[in-house]
> 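Have a look at the structure that comes next, please.
Throughout, a chain's letter reflects where its sequence line sits, starting with A, and its residues are numbered from 1.
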Amino acid sequence: MHSHKRQKTDSEAEKVAEAAEESLKQHPHASQNTPMKVHDEGEFAGLKRHGTTAEQAQKLESGSTNPFSGAKFSQKYFDILEVRRDLPVHAQRDQFLEIFHSTQIMVFVGETGSGKTTQIPQFVLYDEMPHLVGSQVACTQPRRVAAMSVAKRVADEMDVELGQEVGYSIRFENKTSPKTILKYMTDGMLLREAMEDHDLSRYSCIILDEAHERTLATDILMGLIKQVSVRRPDLKIIIMSATLDAEKFQTYFNDAPLLAVPGRTHPVEIYYTPEFQRDYLDAAIRTVLQIHATEDDGDILLFLTGEEEIEDACRRIALEGDELVREQNCGPLKVYPLYGSLPPHQQQKIFEPAPEKLTPNGRAGRKVIVSTNIAETSLTIDGIVYVVDPGFSKQKVYNPRIRVESLLVSPISKASAQQRAGRAGRTRPGKCFRLYTEEAFQKELVEQSYPEILRSNLASTVLELKKLGIDDLVHFDFMDPPAPETMMRALEELNYLQCLSDEGDLTALGRLASQFPLDPMLAVMLIGSPAFKCSEEILTIVALLSVPNVFVRPASARKRADEAKMAFAHPDGDHLTLLNVYDGFNSDEAHSVGLHQWCRDNFLSYRSLSSGQNVRSQLRRIMVSHDLELISPGESRNYHNYVRKALAAGFFMQAAKKRSGSKGYITVKDNQDVLIHPSTVLAVEPEWVIYNEFVLTSKNYIRTVTTVNPEWLVEFAPKYFDLKHFTNGDVKLSLERVVDKVKSDKKRKRGVDNGCKFYQ
DNA sequence: GAGCACTGC
């Protein structure tokens, strides 16, 4: 077994991040709390802010001097400018400016290939001239990679260095400077900023891009910005979306005007099956093989729901593809899986060209990519001509009654189906084979998937909203208001965590918890951990609980992977096992073997562990900045008890008791029958455990569990364990005994204490 | 004796 070691020195990533933060402190943005400076208008002399024309802007763009940086434009700039002027949005620049001038909020609809994400912010810059008034323009994206890559592209287009006039800001990286006037950022990042600056005062224009994706962060931002727009009439707002529900955005933003620009994609022919397909996986495989046997060249993209299904399909397609090559003289077929947890070098393989034909006169080779939804939005693959869409994906659902989020294979929406089909028309006209009937498409698929806010536990959202200064959550103007029960559950949970008072006001603890990019339960546990002398250990555990699973279990080596895991096992449970893994990852041994190799040897995910390391250092910095003590019981033989107590203090709402007589556990308060997930390292079933998550799959499981003493639960969360509110049963009975024992222990202790005093 | 769709701070 691996022994527990003290935390190593700060990682390299941490040092870099610290340096970045330090430099930000020294160079706060010019617009922050400083009086407006008089700027040299330079090339912009004579132009009226919020009164420019496309012609004026284009004249500046075609000039010799970059009006924002003052530098001479490069040849490369003019080359790109030519391409830009060919984009569909370009033709409507005047129209855009007219609307932009006449209104505070507008909705902009642009399909893929319209150029909206790169061009609209630049149109805004030439009209806003933010550098002259010391403001910034923000453009939000749902994903980090998008924010980074678009910023890079636009910096090139504007002929400036990335991070200067054009930059980006994402969780672990702030690539902006005092010069920055256009900032691409994740929507979550803008939300963080709003928590400190409720009026978003440094921005003169905010562009919410990809609003149709309706991420939790976008939805909250829309509600917030709608409020801010009243307080700040000078703030311009653009909501950008793909076509589908533009009207909904318009209505929500007080009938904001709309501008729509066509996209530039190739036509995609849609085929439906004549009848319902009982086995979509089988139908999908047959369709792929049939395309390969009968259709012209061009790669195939097949959408399935998850890793196991995808790996299975890949095996079967490859096998039967070989048969087609042998028996029907088909071209060679190469099959690639694609899903999020695939290591990056494997993900990269999908960009390899299709296989060469086997003989000079043979038929062309073909590439098949079998992917989850990741290929629907996050990743685009050029060269796809055929899309096979069975019409399903895994979607998160939330059951507020038992406070469980789970993944369910469900039919996709019409919008998703359209997006999937569009993937076939990126390079040339394509075909999309839908494995459902046209009638099913029309009648059974919903228009849009439910926005995330209707499918999530809202504990952390509610905390964020409170921190944003929104007191009246019941009347907060959500675009789609969450179910009252979900809201109640979140408020209740935050109250038990003492983040909200009984009146629903943010407490000091709540304010502190909101500083951490964590689920409130984890944040509270972290904040409480110095009291148990183990904040260093809890930091590690919390970090690893908030990244994807660190344990890898390939189908081909399950037994060896399980054995490797057991080498890290701690007898008290899975949380302490995570601690051992992290210490192993930071050990001299791992460094001498090489971290990648060490992870492979131990069936661990390098990606998860290093991102855990990043998260840990970010959390650690937040701890330091709020004077939360960093402390460790060190090599003490008892360290695990400190950690277990800290875990109990944070996870008291997720406790379960072994059922007397029968197998399995029963959750406290919710009274759910559950089993400990087989992935646990626990060899025996302890009486009481706390668990990290409740997963609903083939059975009800609790996953990542650690043994605790019930006395701790009652002691640390007396309000939650007020037995008056418990339903009669096994759990209540044993808790009553626990409460009695705690009481009598206290009495005895007091007696002894008094006795001592008496005799002294 | 199982399965982590995807994203974000």
> Report the residue (S679(A) or D187(A)) whose heavy-atom-nearest nucleotide on DNA chain B is the more 5′ of the two.
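The residue mapped nearer the 5' terminus is S679(A).
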
> Check the phosphate of dA2(B) against Y701(A), side-chain N and O only, distance under 4.0 Å to OP1 or OP2. Yes or no?
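Yes, such a contact exists.
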
> Can a side chain N or O of R558(A) be found less than 4.0 Å away from OP1 or OP2 on dG1(B)?
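For dG1(B), OP1/OP2 do not have a side-chain N/O of R558(A) under 4.0 Å.
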
> Restricting to non-hydrogen atoms, name the atom on A147(A) and the atom on I170(A) that form the minimum distance, rounded to 0.1 Å.
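Answer, listing the atom of A147(A) first, then I170(A): CB-CG2, 3.9 Å.
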
> Between E307(A) and R553(A), name the one whose nearest nucleotide on DNA chain B is closer to the 5' end.
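Here R553(A) is the residue nearer the 5' end.
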
> Side chain of R171(A) only, please: which of dC9(B), dA2(B), dT7(B) is the nearest?
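In terms of side-chain proximity for R171(A), the closest of dC9(B), dA2(B), dT7(B) is dC9(B).
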
> Identify whether the distance between the nearest side-chain nitrogen and carboxylate oxygen of K467(A) and E196(A) falls below 4.0 Å.
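Salt bridge present between K467(A) and E196(A).
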
> Quick one: L342(A) CG to dG3(B) P, roughly how many Å, whole number?
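The distance from CG of L342(A) to P of dG3(B) comes to 20 Å, rounded to the nearest Å.
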
> Does F516(A) reach a base, just sugar-phosphate, or nothing at all? Heavy atoms under 4.0 Å.
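No contact.
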
> From the options dC9(B), dA2(B), dT7(B), select the nucleotide whose nearest atom is closest to the side chain of P678(A).
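Among the listed nucleotides, the one closest to the side chain of P678(A) is dA2(B).
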
> Could you check how far CD of E464(A) sits from C1' of dG8(B), rounded to whole Å?
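Checked: the CD to C1' distance equals 10 Å.
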
> Verify the contact: side-chain N or O of K699(A) to OP1 or OP2 of dA2(B), cut-off strictly under 4.0 Å; return yes or no.
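K699(A) to dA2(B) OP1/OP2: side-chain N or O found under 4.0 Å.
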
> Mind checking whether H626(A) and F516(A) have parallel, tilted or perpendicular rings, split at 30° and 60°?
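Ring orientation, 0 to 90° scale: tilted.
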
> Separation of F392(A) atom CZ from dA5(B) atom P, in whole Å?
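Atom CZ in F392(A) sits about 16 Å away from atom P in dA5(B).
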
> Given dG1(B), dG3(B), dT7(B), which nucleotide is nearest the side-chain atoms of D562(A)?
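It is dG1(B).
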
> Give P142(A) one of three labels, base, sugar-phosphate or nothing, depending on what nucleic acid heavy atoms sit under 4.0 Å from its own.
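Result for P142(A) = sugar-phosphate.
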
> Mind checking whether R214(A) and D480(A) have side chains closer than 4.5 Å, heavy atoms only?
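Yes, side chains in contact.
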
> What is the separation between atom CZ on R143(A) and atom P on dA5(B), rounded to the nearest whole Å?
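My rounded result for the distance is 17 Å.
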
> Please report the distance, rounded to the nearest Å, between CZ in F551(A) and C1' in dG1(B).
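Going from CZ in F551(A) over to C1' in dG1(B) covers 17 Å.
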
> With the side chain of T372(A) defined as its heavy atoms from C-beta on, choose the nearest nucleotide among dG8(B), dG3(B), dA5(B).
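Minimum distance to the T372(A) side chain belongs to dA5(B).
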
> Can you check whether T215(A) has a side-chain N or O nearer than 4.0 Å to OP1 or OP2 of dT7(B)?
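Result: no.
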
> Base, sugar-phosphate, or nothing for I170(A), non-hydrogen atoms under 4.0 angstrom?
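Sugar-phosphate, backbone atoms only, no base.
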
> Is the shortest distance from a Lys or Arg side-chain nitrogen in D312(A) or R316(A) to a carboxylate oxygen in the other one below 4.0 Å?
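Yes.
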
> Checking all strands, does S393(A) fall into the base, sugar-phosphate, or nothing category for heavy-atom contacts under 4.0 angstrom?
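Nothing: the residue S393(A), judged by heavy atoms under 4.0 Å, touches no strand.
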
> Rounded to whole Å, how long is the line connecting atom CG of N614(A) with atom P of dC9(B)?
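Rounding to the nearest Å, CG of N614(A) and P of dC9(B) are 12 Å apart.
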
